[in-house]
Amino acid sequence: MNERAPISVILPTLNAAALLPATLAALAPAAVIGLVREVLVSDGGSTDATQAVAEAAGARFLAGEKGRGAQLMNGAAAARGRWLLFLHADTVLDASWADEAAALIAGGEGDAGVFTLKFGAPGLAPSIVAAGAMIRTRIFRSPYGDQGLLIARRLYDEIGGYSAMPLFEDVDIVDRLVRAKGSSVIRVLKSAAVTSPARYQRDGYAKRVVTNAFCLAMFRLGFAPEKIAKIYK
């Protein structure tokens with residue numbers, strides 16, 4: 001572990017053994033060059049080999065209750081870096097991410113970064129959905145968690161960090177960040193966050209997009225996240 005490296009990476013996991021190796025491998029070069037200090041795998045009760053995979057890669061494994069918001073909170077509480085990178089366990093950053101992250105960090109602690117969404121599948125449907133997500137991100141500064149979030153610890157603490165929500169914890173923290181600092185605080189990085197399309201492939205891209213939009217509308221209207229989770233699945 002490099003004590004001078006600025007970034008602690010927090011990965012929330014639940015039975016992620018199959019996809020976690022690729023996510024961890026993409027972080028390794030940044031650790032070698034002194035950018036990543038540590039990787040924390042904040043688990044929600046996995047019954048597969050997630051812990052073994054994490055520990056074999058040199059990550060710190062944190063056991064806790066299921067729930068991505070709570071897992072992100074727990075990971076952040078245990079992290080020791082000046083910057084926090086929250087990343088889903090089925091998301092792989094491309095090789096250019098380290099340079100962009102280093103540039104963001106060098107600019108001070110006033111901005112936060114998210115990555116450019118791509119799906120790990122060929123075809124028109126995943127390309128269209130990813131393009132739509134990036135339009136939403138750039139115009140409305142409303143990224144989702146599968147785009148990652150790189151934020152200074154100081155700024156994370158100032159806005160209150162993640163909340164222990166069953167879903168939309170990503171929307172909630174970005175909403176609070178934008179309210180506190182303005183929309184320009186969200187920097188959209190060109191580096192790709194290549195995310196698993198499994199949920200879209202399971203449900204169909206069109207149906208999944210409609211479901212996501214419907215659930216987000218419910219959240220904006222004030223419905224309890226616990227009720228929305230039953231629809232989102």
(message) Is there a side-chain hydrogen bond (donor to acceptor under 3.5 Å, both in side chains) between Thr13 and Thr50? Walk through the geometry before answering.
(response) CA-CA 8 Å; Thr13 56; Thr50 295; 5.2 Å; no

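- Side-chain atoms of Ser46 and Asp43 form a donor-acceptor pair, as typed in the model, at a separation below 3.5 Å.
- Taking all atoms of both residues into account, the shortest heavy-atom contact from Ser96 to Ser191 is OG-OG, 2.9 Å.
- In the hydrophobic clustering of this structure, Ile159 groups with Leu149; members are Ile, Leu, Val, Met, Phe, Trp, Tyr whose side-chain heavy atoms approach within less than 4.5 Å, directly or through other members.
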(message) Set out, in order, the CA-CA distance, both residues' side-chain angles and the distance that settles side chain to side chain contact (heavy atoms under 4.5 Å, CB included) for Asp170 and Gln147, then state yes or no.
(response) CA-CA 10 Å; Asp170 48 355; Gln147 293 170 245; over 6 Å; no

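- Residues Glu109 and Arg82 are in side-chain contact: their nearest non-hydrogen atoms beyond the backbone lie under 4.5 Å apart.
- A side-chain donor from one of Thr195 and Thr91 sits under 3.5 Å from a side-chain acceptor of the other.
- Rounding to the nearest 0.5 Å gives a distance of 8.5 Å between CG of Leu216 and CD1 of Ile228.
- No continuous path of hydrophobic side-chain contacts links Val194 to Leu19 [ILVMFWY only; heavy atoms under 4.5 Å].
- Counting only heavy atoms from C-beta outward, the side chains of Ile7 and Arg37 never approach each other to under 4.5 Å.
- In this structure, Leu177 and Glu158 have side chains that are not in contact, with every pair of non-hydrogen atoms separated by 4.5 Å or more.
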(message) Apply side chain to side chain contact (heavy atoms under 4.5 Å, CB included) to residues Phe219 and Met165 and explain how you reach the verdict.
(response) CA-CA 12 Å; Phe219 178 74; Met165 302 166 61; 3.5 Å; yes

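- In this structure, CD in Gln71 is found 9.5 Å from CD in Glu65, a value given to the nearest 0.5 Å.
- A single hydrophobic cluster is not seen to contain both Val171 and Ile173; linkage of ILVMFWY side chains at heavy-atom distances under 4.5 Å, directly or through other members, places them apart.
- Distance check: Ile151 CD1 to Trp83 CH2 gives 8.0 Å after rounding to the nearest 0.5 Å.
- Look at Glu100 and Lys190 and you find no salt bridge, because none of the NZ, NE, NH1 or NH2 atoms lies under 4.0 Å from a carboxylate O.
- For the residue pair Asp48 and Ala16, the shortest heavy atom distance occurs at OD2-N, 3.4 Å.
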(request) List the steps and the verdict of side chain to side chain contact (heavy atoms under 4.5 Å, CB included) for Leu14 and Lys66. (result) CA-CA 8 Å; Leu14 182 63; Lys66 178 182 177 181; 3.7 Å; yes

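- Atom CD in Gln51 sits 4.5 Å away from atom CZ in Phe61 (nearest 0.5 Å).
- The aromatic ring centroids of Tyr156 and Phe86 lie less than 6.0 Å from each other.
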(request) Show your reasoning for whether salt bridge (Lys or Arg N to Asp or Glu O under 4.0 Å) applies to Arg199 and Asp203. (result) CA-CA 6 Å; Arg199 191 184 298 271; Asp203 298 341; 5.8 Å; no

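- Taking OH of Tyr205 as the start and CD1 of Ile128 as the end, the distance is 11.0 Å to the nearest 0.5 Å.
- Criterion: ILVMFWY side-chain heavy atoms under 4.5 Å apart, direct or through other members. Under it, Phe115 and Val185 are not part of a common hydrophobic cluster.
- The side-chain heavy atoms of Met134 and Thr116, taken from C-beta on, include a pair separated by under 4.5 Å.
- Residue Gln201 qualifies as enclosed at atom CD: its count of foreign heavy atoms under 6.0 Å is above 12.
- Counting only heavy atoms from C-beta outward, the side chains of Leu11 and Leu24 approach each other to under 4.5 Å.
- For the residue pair Asn74 and Ser42, no side-chain donor N or O sits within less than 3.5 Å of a side-chain acceptor on the partner.
- Going from atom OG of Ser127 over to atom CZ of Phe119 covers 10.0 Å, rounded to the nearest 0.5 Å.
- A cation-pi arrangement, defined by a distance under 6.0 Å to the six-membered ring centre and an angle within 45 degrees of its axis, is present between Arg136 and Tyr144.
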(request) Start with the C-alpha gap between Leu189 and Trp97, add the side-chain angles, then the distance that decides, and say whether side chain to side chain contact (heavy atoms under 4.5 Å, CB included) holds. (result) CA-CA 8 Å; Leu189 306 180; Trp97 84 269; over 6 Å; no

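- Transitive grouping of hydrophobic side chains (ILVMFWY, heavy atoms separated by less than 4.5 Å) brings Ile186 and Leu155 into a common cluster.
- Judged by distance alone, the side chain of Arg60 and the main-chain N or O of Ala78 form a donor-acceptor pair under 3.5 Å.
- Ala98 and Leu35 make their closest contact through O-CD2, 3.5 Å (heavy atoms, listed as atom of the first residue, atom of the second, distance).
- The minimum heavy-atom distance linking Val114 with Thr137 is given by the pair CG2-CG2, 4.1 Å.
- Using a 4.5 Å cut-off on side-chain heavy atoms (C-beta onward), Leu40 and Ser8 make contact.
- A donor-acceptor pair under 3.5 Å is formed between the side chain of Glu38 and the backbone N or O of Arg80.
- Side chains of Arg176 and Ser163 form a contact here, defined as non-hydrogen atoms less than 4.5 Å apart.
- The minimum heavy-atom distance between Ala112 and Leu104, with the atom names listed, is C-CD2, 4.1 Å.
- Residues Leu84 and Leu150 have side chains not in contact (no heavy-atom distance under 4.5 Å, counting atoms from C-beta outward).
- Shown here for Gly34 and Pro6, the closest heavy-atom pair between the two residues is O-CD, 3.7 Å.
- For the pair Arg208 and Tyr232, the distance from NZ or CZ to the six-membered ring centre is under 6.0 Å and the angle to the ring normal is within 45 degrees.
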